[in-house]
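First the proteins, then the strands, lettered A, B, ... as listed; each starts at 1.
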Number of protein chains: 2
Amino acid sequence: MGIDELDGRLIVLLAREPRIGVLEASRRLGVARGTVQARLDRLQSNGVIRGFGPQVDPAALGYPVTAFATLEIKQGQGSDVRAHLAGVPEVLELHTTTGTGDMLCRLVARSNADLQRVIDRVVGFEGIVRASTAIVMENPVPLRIIPLVEQAAHEG
Amino acid sequence: MGIDELDGRLIVLLAREPRIGVLEASRRLGVARGTVQARLDRLQSNGVIRGFGPQVDPAALGYPVTAFATLEIKQGQGSDVRAHLAGVPEVLELHTTTGTGDMLCRLVARSNADLQRVIDRVVGFEGIVRASTAIVMENPVPLRIIPLVEQAAHEG
DNA sequence: ACGGTGCTGGGCATTCTGTACAGCAGAAAC
DNA sequence: GTTTCTGCTGTACAGAATGCCCAGCACCGT
């Protein structure tokens, strides 16, 4: 577990220019094609690279509003709540956490008004005791991984 | 803005099997290759599909601990805090929000002990008044987009 | 009736992929 | 010191995919 400097450069390269193939990547990195292929295979079977799925922007789909909801769950209802939330398309992500709430989920909605509908649907479930929502205004740092990859690569 | 049913099927197909190319996708969808190519180009220039970058798992990089930190910021220090947090590799994501706190950020760390170091680094900045952290225990719904894509496709 | 748009099905040259092989260097084991 | 492993290099080849072009056709709004 862990990546070396070449792995790091490969991941960063792929992140910056996803369209390039193995051959082009090998040219950019200055190594043989077989090396890039072997590294890629290893990174994928390692689980470091989960895949190359399309990164879809919810805003472009018509869901420009993002919010985070902290949920407080009635004891013993955890798995029911999980299943309920998994069935709501606007729930993009769900975590169980320590701290104030029991769960934290990321929501999207078509508008601030539509967010009310989404929240009603989310919390309209008996296992949920209380919910507090924070609407996202700006996103100064979009979900990123490159800085972490570079750090991991330089450490070994 | 908005996608039709074919766009939706294309995105879902690509999400499930990212390695397939345009030709294979056209076979699966039962349409001509040119159509898939045109749709893909449109989705990308629309911004619906941002790209096909590698999805890297922080846990596999040696950062298995995830946490969300709610930050309270001293008035007028917002941009300084943003710049500070953007410089911390373990900050994967940063949002400014309404509600209790002023900012919400996603952190990763090598261990619970290491999380302390990360948090110290994050909050060790004068503009930050207070921080409360929730450590992620489980992730019942990993970041997903397919259900939303399907909903958008069936409405759109 | 008309032009515009989008899908189809085909063709072509170029390029990439998957796979295999032999050579070679460094590290680890004996 | 010598053997053995592992990983990288450089090359080769057949098969497949890509980028690009074009003509035909159906649908839609003007």
- Within this structure, what is the CG-to-C1' distance between L40(B) and dG6(C), rounded to whole angstrom? 16 Å

- Spacing between R39(B) atom CZ and dG6(C) atom P, to the nearest angstrom: 9 Å

- Answer with yes or no whether R33(B) presents, from its side chain, a donor or acceptor under 3.5 Å of a partner atom in the base of dG19(D). yes

- R19(A) CZ to dG19(D) C1', straight-line distance once rounded to whole Å: 11 Å

- Message: The side chain of A32(A) is closest to which nucleotide in this list: dT9(D), dT18(D), dT17(C)?
- Response: dT9(D)

- Message: To check you understand the geometry: which heavy-atom pair defines the closest contact between M137(A) and T97(B), and what is its length?
- Response: CE-O, 3.3 Å

- Item | Separation of dT5(C) C1' from D4(B) CG (nearest whole Å) | 14 Å

- Query: Should we say atom CZ of R117(A) is surrounded by more than 12 heavy atoms from elsewhere, each under 6.0 Å from it?
  - Reply: yes

- Where L94(A) and P140(B) come nearest, the two heavy atoms and their spacing: O-CD, 3.1 Å

- Taking CG from D41(A) and P from dG7(D), how many angstroms apart are they, rounded to a whole number? 13 Å

- Given atom CG of L43(A) and atom P of dG7(D), what is their separation to the nearest angstrom? 13 Å

- Task: Compute both the distance and the angle, then confirm whether R110(A) meets the cation-pi test with Y63(A): under 6.0 Å from the six-membered ring centre, within 45 degrees of the axis.
- Result: yes

- Against the side chain of T35(A), the closest entry in dC8(D), dT8(C), dT18(D) is dC8(D)

- Message: What I want to check is whether an N or O donor and acceptor connect the side chain of R42(B) with the base of dG6(C) at under 3.5 Å.
- Response: no

- Query: How many Å lie between CD on E24(B) and P on dT17(C), as a whole number?
  - Reply: 16 Å

- Item | Rounded distance in Å - CD (Q37(A)) to C1' (dG18(C)) | 7 Å

